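See below for the structure under consideration.
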Amino acid sequence: MNSQEYKIQFQTYVGGFILSMFLTIVAFSLVLENLLSGNSLIVALLMFAVAQAWVQMVFFLHMGSGAQWKRFIFASTFGLILIVVIGSLWIMAHLNYNMSPDQMNTYMEKSEGMAK
Amino acid sequence: METIAEKQLTDRHSENAEFGFWIYLMTDLVTFSVLFATYAVLKNNTFGGPSGRELFNLPFVLGETLILLTSSFTSGLAMLSVRQNKKNQSLAWFGTTFLLGTAFLVMESTEFRHLLSEGNGPQRNAFLSSFFALVGTHGLHIAIGLLWMCVSMAMVQVRGLTEAIKSKLHRLSLFWHFLDIVWIFIFTIVYLLK
């Protein structure tokens, strides 16, 4: 590694470090100062987390360059994760909705002949 | 001295090892995503107990996050010294990373002890069970990473920066950056979105 390459790599690491610190502190102050609320806060925080992960992957894990298989395996894993996380939240929210205590009691009274 | 054939063989080995290690990291990512999904489903099931809003001390957790981000940066600098064959400099940066990682782990166990001492352990409700499972699994990874870093530093000290050791150190730094990425999501989803 010559000194020119070293300089570029070093600047990449410093840039990534400053960016990740900045993103963390902005996300933190959004919550602390109550700048946003409800769904807009959730969306903003998730976007900050994704940006932060992107900074880590590009600046530190060098995923933008190098072998193609890295990106391929990551994309497949990412698909799997989306299915697991979104699928779980979706199914469990429906179960929760359809099996709320009131409905449960009605169901037990009607179908199972059990009074509350 | 290595012959050209040997050099090609170690390069090939190093590439295969990185491929295998990358697959491990991705399966570990799936493990964490399942724990995240569990947490997201159970986070409101507090069974009358306190919610995350009442339990977590945000500035303290911000401190933990900044320490871990810095340790990711210093492990990057350590790898930069490794690539330049600067043995002592790389040991110094890995040493710094190790200290920052230990500080993170100490802060996390302080938080856990505080929660446990107030009766808010994993047995209290589904929210706390999933919280301890997710954050505890990450902490366990950090602890294993610190042990690995210790062993690696000893190897560098004894054998020097050979090609085989450089390849091992490369995988260690991948692991460390990976844990940093997982923590960013824990910080956002568990602590900021409480």
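Below, read A as the first sequence line, B as the second, and so on, with proteins coming before strands; counting in each chain starts at 1. Computed from a predicted structure; not experimentally measured.
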(request) Look at the side chain of A:Ser29 and the backbone N and O of A:Ile25, then say whether any donor-acceptor pair between them is shorter than 3.5 Å. (result) yes

(request) Any chance you could measure B:Leu192, atom CG, to B:Thr65, atom OG1, to the nearest 0.5 Å? (result) 8.0 Å

(message) Quick check on the structure: residues of residues 126-159 of chain B within a heavy-atom distance below 4.5 Å of chain A, by number.
(response) none

(request) Heavy-atom distances under 4.5 Å only: say whether A:Leu80 touches chain B with side chain, backbone, both or neither. (result) side chain

(message) Taking B:Leu69's backbone N and O only, do any of them form a donor-acceptor pair with B:Ser72's side chain (distance below 3.5 Å, no angle check)?
(response) no

(request) For chain A, find its close neighbours in residues 110-122 of chain B: heavy-atom separation under 4.5 Å, sorted by number, or none. (result) none

(message) Do A:Gln9 and B:Arg83 make a side-chain contact, defined as non-hydrogen atoms from C-beta onward lying under 4.5 Å apart?
(response) yes

(message) Around atom CG of A:Asn39, are there more than 12 heavy atoms from other residues, nucleotides or ligands closer than 6.0 Å?
(response) no

(request) Identify the residues of residues 10-22 of chain A whose heavy atoms come closer than 4.5 Å to a heavy atom of chain B, ordered by number, or report 'none'. (result) A:Phe10, A:Tyr13, A:Val14, A:Phe17, A:Ser20, A:Met21

(message) Can a donor-acceptor pair be found, under 3.5 Å and without considering hydrogens, that links the side chain of B:Ser167 to the backbone of B:Glu163?
(response) no

(message) Tell me whether B:Lys168 at atom NZ has more than 12 heavy atoms from other residues, nucleotides or ligands lying less than 6.0 Å away.
(response) no

(request) Taking heavy atoms only and a threshold strictly under 4.5 Å, list by residue number the residues of residues 53-63 of chain A that touch chain B; give 'none' if the list is empty. (result) A:Ala53, A:Gln56, A:Met57, A:Phe60, A:Leu61, A:Met63

(request) Determine, using ring centers only, whether B:Phe36 and B:Tyr39 are less than 6.0 Å apart. (result) no

(request) Measure distances from A:Val85 to the heavy atoms of chain B and classify the residue's part below 4.5 Å as side chain, backbone, both or neither. (result) both

(message) Counting only heavy atoms from other residues, nucleotides and ligands, does the tally under 6.0 Å from CZ of A:Phe78 exceed 12?
(response) no

(request) For A:Glu33 and A:Leu30, indicate whether the former's side chain and the latter's backbone hold a donor-acceptor pair under 3.5 Å. (result) no

(request) May I have the step-by-step check of side-chain contact (heavy atoms from CB on, under 4.5 Å) for B:Asn125 and B:Asn45, ending in yes or no? (result) CA-CA 7 Å; B:Asn125 53 41; B:Asn45 299 11; over 6 Å; no

(message) Tell me if the aromatic rings of A:Phe74 and B:Trp22 count as close, with their centers under 6.0 Å from one another.
(response) no

(message) With chain B as the partner, which of A:Ile86, A:Val50, A:Ile42 has the greatest number of non-hydrogen pairs under 4.5 Å?
(response) A:Ile42

